[in-house]
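Have a look at the structure below before the remarks.
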Protein chains: 2
Amino acid sequence: MEENQCLQNKKNMMAIQDSMDVLYGKWKISIISSICFYNKRRFSDILNDVVGISNKMLSKELKELETNKVITRTVLDTHPITVQYQLTEHGKSLQTIINNLTDWGIKHRLEIIGSSELLNIN
Amino acid sequence: MEENQCLQNKKNMMAIQDSMDVLYGKWKISIISSICFYNKRRFSDILNDVVGISNKMLSKELKELETNKVITRTVLDTHPITVQYQLTEHGKSLQTIINNLTDWGIKHRLEIIGSSELLNIN
DNA sequence: CAGTATCCAAAGGGATACTG
DNA sequence: CAGTATCCCTTTGGATACTG
């Protein structure tokens, strides 16, 4: 392999790791997706969308995403208060990735989960 | 919001969660990326590419990816033996996502990491 | 509603050493 | 080279209860 190509690959690996520092974990992508699909989303809505997450975890993950400027948090002056989460421009640039992951998930279900369901494994 | 749209969003959320069941964690995407960028990759090469991973973790993660039919494992008859990992067709369909994540990582560095480096925080 | 606080079990994962 | 095995500390995260 050419040396130039090799250098390029190393740069790419670094970029991937930068992305994953922000997005890794069981929940982050699902949370971002919830906000992305609905455009605006409240705390309890996300809690419902993301199957299995606890309020403690959701709270923690949302803070991290806010720190990384992926989402914004807005307190609405209702009674009781409501908090709305939205994607920043930076967060919105993840939309393509989310759409691709959605398509891949459907394909994956056909490829793996589907075939094991036929065998009654799940 | 329309009821149809709402149903569609729930389907999408399920698909995202199917994807994340396979891809979540600190290392999976980086491992797949390493194999993807280089086309074929040996155990020790991946160990070098993915900064910070231990051989124990790499071994575990590779097994899971093989189980999920994302990669294949081929033992080459060299002395000492070499093991080559490659993406399956199913795994190759992640290429677009990997390219997008690479671009996003570069943008993210400019957006967040870059600005804190200017302040000498890191 | 949108979180926080606390307890605590389970899993994650690093370091090191070892094997075919 | 490509892993496995073991030790053991750290982090994760569920359950439950509580607050403004």
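In what follows, every chain begins at residue 1, and chains take the letters A, B, ... in the order their sequences are listed. Computed over heavy atoms, backbone and side chain alike; hydrogens, waters and symmetry mates excluded.
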| query | Nucleotide by nucleotide, 5' to 3', does protein get under 4.0 Å of the base (B), only the sugar-phosphate (S), or neither (-) in nucleotides 14-20 of chain C, counting heavy atoms? | reply | BB-B---
| query | Does the pair B/K92/B/E89 count as a salt bridge with the N-to-O cut at 4.0 Å? | reply | yes
| request: Respond yes when some side-chain nitrogen or oxygen of A/R73 is under 4.0 Å from OP1 or OP2 of C/dG3, and no when none is. | output: yes
| field | Integer-rounded Å distance: C/dG3 P and A/I31 CD1 | value | 12 Å
| task | Please report, rounded to the nearest Å, how far the P atom of C/dG3 is from the CG atom of A/L58. | result | 8 Å
| query | Should B/M14 and B/K11 count as side-chain neighbours, where that means a heavy-atom distance under 4.5 Å? | reply | no
| message | Rounding to an integer number of Å, can you tell me how far A/Y85 OH sits from C/dA2 P? | response | 8 Å
| note | Closest non-hydrogen contact found for B/G105 with A/D18 is O-CB, 4.0 Å
| task | Send over the distance from B/I71 CD1 to D/dA2 P, rounded to a whole Å. | result | 13 Å
| remark: note: B/Q84, atom CD; D/dG3, atom C1'; distance rounded to Å ~ 17 Å
| Between B/T82 and D/dC1, is there a side-chain N or O to OP1/OP2 distance below 4.0 Å? | no
| In whole Å, what is the span from the CG atom of B/L62 to the C1' atom of D/dC1? | 14 Å
| field | Quiz item: cation-pi between B/K28 and B/Y24, 6.0 Å / 45° | value | yes
| Between D/dG3, C/dG13, C/dG3, which nucleotide has the shortest distance from any of its atoms to the side chain of B/K60? | C/dG13
| message | Restricting to non-hydrogen atoms, name the atom on A/I29 and the atom on B/I16 that form the minimum distance, rounded to 0.1 Å. | response | CG2-CG2, 4.2 Å
| message | Rounded to whole Å, how long is the line connecting atom CG of A/D45 with atom C1' of C/dC1? | response | 11 Å
| Steps toward side chain to side chain contact (heavy atoms under 4.5 Å, CB included) verdict (B/F37, A/M13) | CA-CA 9 Å; B/F37 290 141; A/M13 285 302 300; 3.7 Å; yes
| Dot-bracket summary - DNA chain D, pairs being Watson-Crick or G-U whose distances fall under 3.5 Å, with | when paired to another strand | ||||||||||||||||||||
| message | Is it the case that the side chains of A/Q17 and A/D21 hold a donor-acceptor pair, with the cut-off being a distance below 3.5 Å and no angle test? | response | no
| field | Over all atoms of both residues, closest heavy-atom pair of A/H90 and A/N68 | value | CD2-O, 3.9 Å
| message | Measure CD1/A/I46 against P/C/dC1 and give the value in whole Å, please. | response | 13 Å
| request: Taking only the side-chain nitrogens and oxygens of A/T78, find out if one of them lies under 4.0 Å from OP1 or OP2 of C/dC1. | output: no
| query | Just checking, any donor-acceptor pair under 3.5 angstrom between side chains of B/N12 and B/Q8? | reply | yes
